[in-house]
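Right, one structure below, let's go through it.
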Amino acid sequence: MSTTAASADPLAALGSLPGVPEAVESVRKAVDRVYGHRIMRRRSNEITSEAALRGARGSAALSGADWALEEVRRRTDFSGDDEARVMGAALRLTAEAGQLLSIWRQSPLRVLARLHLVAAADGDERVGRPRQEGEAVEEPLIELPLPSAAEAHGRLDGLAELIIAGGSAPALVTAAVVHGELLALRPFTSHNGLVARTAERVVLVGSGLDPKSVCAAEVGHAELGRAAYLAALDGYVSGTPEGMAAWIAHCGKAVELGARESMAVCEALQRGAA
């Protein structure tokens, strides 16, 4: 992660990049529309559960398991093949995210390690810790140059320090940086995309922007498509003001689309069709 100028609060500095304040405001309006729906006052738990399922489906799609929503509902066994295991990992991460909100601001690295442990769900010694020099990374859909383990560790520590310090950056900016940095670094030997998108969700929920977790950004990322996702990520990795702003705006659009999805669920419940 880089910023255009030295700052005691570099995340807040990113919030002033051209186009970012508008993206932040647009996201806030989209989220407020969902929370203002009359169904949210009476059946918010159902909206949260549905958003979790759809978010897991969207995140898995970006990691190569693009299943229909009804197939995700129908299946009970997620161990049969690679796609099923990806979907199972996404569902486990979505369920786990809500349990880690209180820990995130005090120990983000502990949360990330836990997310990787939950995603991998095996006893491999590489699970639940950042990769070491010479360890391969299994992330076939992200083809960016891989930073060394030493660089990944250093930047991960820097990111954790920013989270712990807090600051005045909008939730969207912080969530986008956490997401982008984890994809750029790929600090674990596997499941980095799933972990990065779950961490984005943790920030959005824990910040108070989306406290009931009903505006699943993963839905929007999947709807925008893998090509647009990777192109926006290239902008983040470039470190230029334009690239960083484009990535943050892309993440904002994803949150807006997640909010739109939950609005549709609210409307269906109101009509008695769901």
Side-chain angles (χ1 to χ4, degrees), residues 46-101 104 111-122 124 126-128 137-142 175-176 178-183 185-206 210 212-230 233 250-251 254-255 257-259 261-262 265:
E46 293 174 66
I47 309 303
T48 296
S49 295
E50 189 64 22
L53 185 70
R54 294 176 185 226
R57 193 214 72 81
S59 189
L62 288 169
S63 285
D66 192 0
W67 291 11
L69 186 61
E70 290 311 312
E71 175 69 5
V72 183
R73 293 189 203 281
R74 183 187 68 80
R75 289 283 285 267
T76 57
D77 178 15
F78 295 97
S79 62
D81 54 33
D82 287 346
E83 285 196 10
R85 285 189 286 273
V86 168
M87 186 61 69
L91 290 166
R92 290 193 301 273
L93 284 171
T94 300
E96 185 74 12
Q99 310 302 314
L100 301 172
L101 296 172
W104 174 253
V111 169
L112 293 174
R114 174 62 185 170
L115 291 176
H116 187 240
L117 191 68
V118 169
D122 65 38
D124 191 302
R126 299 170 297 175
V127 170
V137 173
E138 199 177 315
E139 201 71 42
L141 302 178
I142 305 292
V178 168
H179 185 171
E181 195 72 352
L182 291 174
L183 287 177
L185 296 178
R186 281 145 291 161
F188 302 107
T189 56
S190 64
H191 299 90
N192 290 286
L194 293 174
V195 168
R197 290 183 288 275
T198 305
E200 180 184 44
R201 175 186 283 262
V202 169
V203 174
L204 294 170
V205 175
D210 179 22
K212 294 184 183 295
S213 193
V214 296
C215 302
E218 305 97 318
V219 169
H221 286 304
E223 185 172 336
L224 291 167
R226 188 179 300 150
Y229 184 67
L230 295 178
L233 178 61
H250 183 87
C251 291
V255 177
L257 291 171
E261 184 94 350
S262 284
V265 174

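As a basis for the values below, the full set of heavy atoms in this structure was taken, side chains included, without hydrogen atoms, waters or symmetry mates. This one's a predicted model, so the numbers in the text were calculated from it and none came from an experiment.
Residues forming a salt bridge (charged side-chain N to carboxylate O under 4.0 Å, His left out) with E218 (at least two apart in sequence, or on another chain): R201. H191 meets the ring-ring contact (aromatic ring centres under 6.0 Å, His included) test with no other residue; sequence neighbours excluded. Taking the side chain to side chain donor-acceptor pair (under 3.5 Å) definition, one finds that H221 meets it with E200, sequence neighbours left out. Residues satisfying the side chain to side chain contact (heavy atoms under 4.5 Å, CB included) test with L100, not counting sequence neighbours, are E96, I103, V111, R114, L115. Here D122 pairs with nothing under the salt bridge (charged side-chain N to carboxylate O under 4.0 Å, His left out) rule; sequence neighbours left out. The salt bridge (charged side-chain N to carboxylate O under 4.0 Å, His left out) check on R75 picks up E71, with sequence neighbours excluded. In this structure Q99 satisfies the side chain to side chain donor-acceptor pair (under 3.5 Å) test with no other residue, sequence neighbours excluded. Looking at residues two or more places apart in sequence or on another chain, you find a side chain to side chain donor-acceptor pair (under 3.5 Å) between E261 and R54. Considering only residues two or more places apart in sequence or on other chains, W67 meets the side chain to side chain donor-acceptor pair (under 3.5 Å) condition with E83. Among residues two or more places apart in sequence or in another chain, the salt bridge (charged side-chain N to carboxylate O under 4.0 Å, His left out) test is passed with R186 by none.
Side-chain contact between V205 and W104 is absent, with no heavy-atom pair separated by less than 4.5 Å. Using a 4.5 Å heavy-atom cutoff, the side chains of H116 and V127 are in contact. With a 4.5 Å cut-off on side-chain heavy atoms, L141 and L230 do not count as touching.
With rounding to the nearest 0.5 Å, the separation of CD1 in I142 from CG in N192 is 9.0 Å. To the nearest 0.5 Å, the span separating CG on L112 from CG on L117 amounts to 12.5 Å.
Legend: salt bridge (Lys or Arg N to Asp or Glu O under 4.0 Å) pairs involving residues 84-94, not counting sequence neighbours, sorted by first then second residue: D82-R85.
What you find for G55 and V219 is that their closest heavy atoms are N-CG2, 3.7 Å. The two atoms that bring L194 and T198 nearest to each other are O-OG1, 2.8 Å, heavy atoms only. In terms of heavy-atom proximity, S262 sits nearest to A51 at OG-CB, 3.9 Å. Across all their heavy atoms, A228 and L224 have their closest contact at CB-O, 3.5 Å. Nearest heavy atom pair, residue P187 against residue L182, reads CD-O, 3.5 Å. For the pair L91 and F78, the tightest heavy-atom approach, listed with the atom from each and the gap, is CD1-CZ, 3.5 Å.
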Please list every donor-acceptor pair under 3.5 Å in which a side-chain atom of residues 59-66 meets a protein atom from a residue at least two apart or in another chain.
residue, atom, partner, partner atom, Å
S59, OG, R197, NE, 2.8
S63, OG, R197, NH2, 2.7
D66, OD1, R57, NH1, 3.0

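In this structure, R226 places its CZ atom where more than 12 heavy-atom neighbours from other residues, nucleotides or ligands lie under 6.0 Å away.
Of the possible polar contacts, one joining the T48 side chain to the K212 backbone as a donor-acceptor pair under 3.5 Å is found. Between the side chain of H179 and the backbone N or O of A199, no donor-acceptor pair lies under 3.5 Å.
The aromatic rings of H250 and Y229 sit tilted relative to each other, their planes meeting at an angle between 30° and 60°.
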